[in-house]
Every structure is written in structure tokens, then in C-alpha cells.
Amino acid sequence: MNSLPVPDWLKKLVGQNKAALRSAVALRAETSIRGHALHTVCHAAKCPNRGECFNCGDATFMILGERCTRGCRFCAVDRLPPLPPDPDEPQRVADAVKEWGIRYAVLTMPTRDDLPDGGATHFARVLQRIHTTTPDVKLEPLISDLGGNETALHTVLDARPDVLAHNVETVCALYDRVRIGADYTRTLTLLENSKKYAPDILTKSGFMVGLGETPAQITQLFKDLRAAGVDLLTIGQYLAPSKNHYPVVRYPQPEEYQAWEREALSLGFKGVASGPLVRSSYRAGALYRQAIQ
């Protein structure tokens, strides 16, 4: 399939965010990340919002390395043999959260099918260490499907995050082409089990548009997520990391994102962030506050 040209209005938005990376605040953030030997999904996934978020003092830490055991066709994270969990990582992340003065921390992970619990125990240690170092920080772990291991999910929830996030990424009909090794039902079950086990912890999911989904499929996705008890939702444009990744099929117009937000809110979501450059961790703290209000 031939690559679809990026519309000028979207190029302008991406360019504005890249320019923001040159600010003094963003450069300090980059220095801190390197100083603590940390990984961020902002870098690994080539997020277009990196400049804006760094200037707001936000970043999404990537726990358990930058190597994934799966090969989803939309993702920029490398599919390589992963390294063992780093026992010093929980303290380094906690130190960075304290140094930045972060009040709402998002932490994500690659899929670690090589570990018996999918990495849940290590992830929980990171959350616990942050709680100990800076008790007032709100925490949002954005986890993999943990191989469908419900006990592993409980391990993460027992660390008492404020939000449990897991992305559905795309509509059910596109899973076999876009999400290699993932399962639509397994994703919904994880989100549903999270709400059953810890009903006071908000659940969150996100998906991309522009991969070939239909309006009816998007509406069904909304309904499936609400049936699983999902509280918070993000919707953003898929941008192919390279020519070797899944191609962009369409670039929806900005007004379409507004319509999806209205539709999702009408179905009972407590908070929705919808826009071309919205990503799962984009302004996560603001979305959380919207929900609890």
C-alpha cells in the first residue's frame, strides 16, 4: 500500500511540538532522564508530544527496558530479546519523580512474555518505591496484558495506583493485522477484572484511528470498553513510525475527534481526551482530575 501524505495542518502541529524540545525546560528534562539512566516511552515510541509534555514537567517512564517480546505492526518499540529486570530501577525512577516535582506519574512497560508474571512484581516495586519516596504523587501504571495472568494483575493493583491503564489500541476487526500476539477479549477481560478486584481504582484505555476502522466499529469499541467498566478514554491519530510499519489509511479531521469525544461521554465515560496528537498518557493528570470531579 502506498504511503498516505500527511496533511499540512497535522505537519504544523507536529512541528510545533518538535520546536518545543529546544526550550530550556525540555533540555533539563532530557538531561535528567539521561542522568538517572531511565527509559521513557516518549523516546521509545517516538511520541509527537514530547516537547509539549517536557515543558509541562510530564514524562512517561518506561519500566523493564525498551525491548518488547511481541511485534505489533504499529509500534516503534523494538522487538528484541529482553534484558533481566534491573533491581536498581525502582529507586532511580522514584528519585527522578521527586527531582522533577512530578505530582502525577505515568509508568508504562513493554510486553514481557519472557517473565512468569509478565513483569508485574518488578512494576509493583517501582510503584511502591515512589509511594515511599513521594507519598502524595498520583500513579498511573500503563501495563501490558500480562499474558492474561489475573494474579499478576492483582500484584500491580495491590501496589495501590490511582488509575490502572491498558490500551485496546484498535477495533476488534483489525487485531489480527495490527496487534500481533494480542487478543481483543483478553484486553477487555483485564480491564473488567481490574474493576472487579479494585472498584475504587479508575480504569483507562486508549485507541488509535486511521488504521482502517469504520464508524460502526468505533461505536462498538466504545460500548465494549464501557461494558468492561472503563472510566477514562484516549483517542488519537495513528502515525506510522516507519515505512516498514502498518500504513496509515486515513487522517480524520479535527472535528471528527470532537464528535467521538461527545459520543464517548454520552455513553458514560468519566473523562475523554480526543485529538490528532493525543496519546494514552497525554495530559493524564488533567484527565484524572476531570474524572474525579
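Numbering starts at 1 and runs along the sequence shown.
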If Ile, Leu, Val, Met, Phe, Trp and Tyr residues are connected whenever their side-chain heavy atoms lie under 4.5 Å apart, and connections chain through other members, are L83 and M62 in the same group?
-> no
With side chains defined as the heavy atoms from C-beta onward, is the minimum distance between P82 and L64 less than 4.5 Å?
-> no
Test D136 against R103 for side chain to side chain contact (heavy atoms under 4.5 Å, CB included), laying out the working first.
-> CA-CA 7 Å; D136 294 334; R103 296 185 177 182; over 6 Å; no
For residues 180-205, pull every pair meeting salt bridge (charged side-chain N to carboxylate O under 4.0 Å, His left out), keeping only residues two or more places apart or in separate chains.
-> E140-K204, D145-R186, R160-D200, E192-K196, K195-D231
If you look only at pairs with a residue in residues 232-243, which of them pass as a salt bridge (charged side-chain N to carboxylate O under 4.0 Å, His left out), with sequence neighbours excluded?
-> none
Is a donor on one side and an acceptor on the other found under 3.5 Å between the side chain of D162 and the backbone of L139?
-> yes
Are L267 and V168 connected in the hydrophobic side-chain network, where two residues link if heavy atoms are under 4.5 Å apart?
-> yes
Taking H166 for the side chain and I143 for the main chain, is one N or O donor matched with an acceptor at less than 3.5 Å?
-> yes
Output for pair (I102 CD1, K138 NZ), nearest 0.5 Å, gives 15.5 Å
Examine distances only and state if a side-chain atom of S242 and a backbone atom of N244 form a donor-acceptor pair shorter than 3.5 Å.
-> yes
So Y197 and D158, side-chain hydrogen bond (donor to acceptor under 3.5 Å, both in side chains) or not? Walk me through it.
-> CA-CA 10 Å; Y197 184 75; D158 286 343; 2.8 Å; yes
Give the intermediate values and the outcome of side chain to side chain contact (heavy atoms under 4.5 Å, CB included) for residues L232 and T203.
-> CA-CA 6 Å; L232 306 175; T203 50; over 6 Å; no
If we only count heavy atoms from C-beta on, is the L211 to V248 side-chain gap below 4.5 Å?
-> no
Is the Y175 ring parallel, tilted or perpendicular to the Y184 ring (thresholds 30°, 60°)?
-> perpendicular
Pick out which of N193, L221, D224 makes a side chain to side chain contact (heavy atoms under 4.5 Å, CB included) with L188.
-> D224
Would T170 and V209 count as a side chain to side chain contact (heavy atoms under 4.5 Å, CB included) if you check the C-alpha gap in whole Å, the side-chain angles of each, and the deciding distance to 0.1 Å?
-> CA-CA 7 Å; T170 188; V209 292; over 6 Å; no
Is a side-chain donor or acceptor of S274 paired with a backbone partner of Y257 at a separation under 3.5 angstrom?
-> yes
Hey, does F207 have a side-chain heavy atom less than 4.5 Å from the side chain of F222?
-> yes
What one should report as the nearest heavy-atom pair of F269 and A264 is CD1-O, 3.1 Å
Any donor-acceptor pair under 3.5 Å from S194 side chain to L191 backbone | no
Mind listing the closest non-hydrogen atom pair of V156 and A120 along with its distance?
-> CG2-CB, 3.9 Å
Report the residues that fulfil side chain to side chain contact (heavy atoms under 4.5 Å, CB included) with S144, sequence neighbours left out, ordered by chain and then residue number.
-> M109, T111, L146
Just how far is it from atom CZ of R289 to atom CZ of R283, taken to the nearest 0.5 Å?
-> 9.5 Å
Common cluster, I292/L287, ILVMFWY with side-chain heavy-atom separation under 4.5 Å = yes
Is there a side-chain contact between E261 and I235, using heavy atoms and a 4.5 Å cut-off?
-> no
Set of residues satisfying side chain to side chain contact (heavy atoms under 4.5 Å, CB included) with respect to A259, sequence neighbours excluded = R262
Over all atoms of both residues, closest heavy-atom pair of V230 and S205 | CG1-N, 3.9 Å
If Ile, Leu, Val, Met, Phe, Trp and Tyr residues are connected whenever their side-chain heavy atoms lie under 4.5 Å apart, and connections chain through other members, are L174 and I180 in the same group?
-> no
Could you check if a side-chain atom of W260 sits within less than 4.5 angstrom of a side-chain atom of P252, using non-hydrogen atoms only?
-> yes
When R250 is tested against each of E213, E256, Q237 for side-chain hydrogen bond (donor to acceptor under 3.5 Å, both in side chains), which residue passes?
-> E256
Please determine if R92 and D86 form a salt bridge, counting it only when a charged side-chain N lies under 4.0 Å from a carboxylate O.
-> yes
Verify, without hydrogens or angle tests, whether H131 (side chain) and A159 (backbone) share a donor-acceptor contact under 3.5 angstrom.
-> yes
Mind checking whether V126 and L107 have side chains closer than 4.5 Å, heavy atoms only?
-> yes
Going from CD on E89 to CZ on R125, what distance comes out if it is rounded to the nearest 0.5 angstrom?
-> 11.5 Å
Residues passing the side chain to side chain contact (heavy atoms under 4.5 Å, CB included) test with S280, sequence neighbours excluded, are L142, N167, T234
Within the side chain of R112, is there an N or O that forms a donor-acceptor pair under 3.5 Å with the backbone of G118?
-> no
Using the test side chain to side chain contact (heavy atoms under 4.5 Å, CB included), find all partners of A94 that sit at least two apart in sequence or belong to another chain.
-> Q91, R129, I130, T133
For side chain to side chain contact (heavy atoms under 4.5 Å, CB included), just list the numbers for L10 and L277, CA-CA rounded to whole Å, side-chain angles, deciding distance to a tenth of an Å, and then say yes or no.
-> CA-CA 9 Å; L10 185 54; L277 295 188; 3.9 Å; yes
Could you tell me which non-hydrogen atom of D117 sits nearest to which non-hydrogen atom of N149, and how far apart they are?
-> CA-ND2, 4.2 Å
Within a strict 4.5 Å, meaning less than it, do heavy atoms of the T219 and K223 side chains meet?
-> yes
Do F61 and V97 have side-chain heavy atoms sitting under 4.5 Å apart?
-> yes
Axial cation check for Y246 ring with R177, 6.0 Å and 45° limits | no
Shortest non-hydrogen separation from P141 to F123 and the atoms involved = CB-CE2, 3.4 Å
Taking every non-hydrogen atom, the tightest pair across V106 and A284 | CG2-CB, 3.6 Å
Rounded distance [0.5 Å steps], CG in L225 versus CG in L233 = 6.5 Å
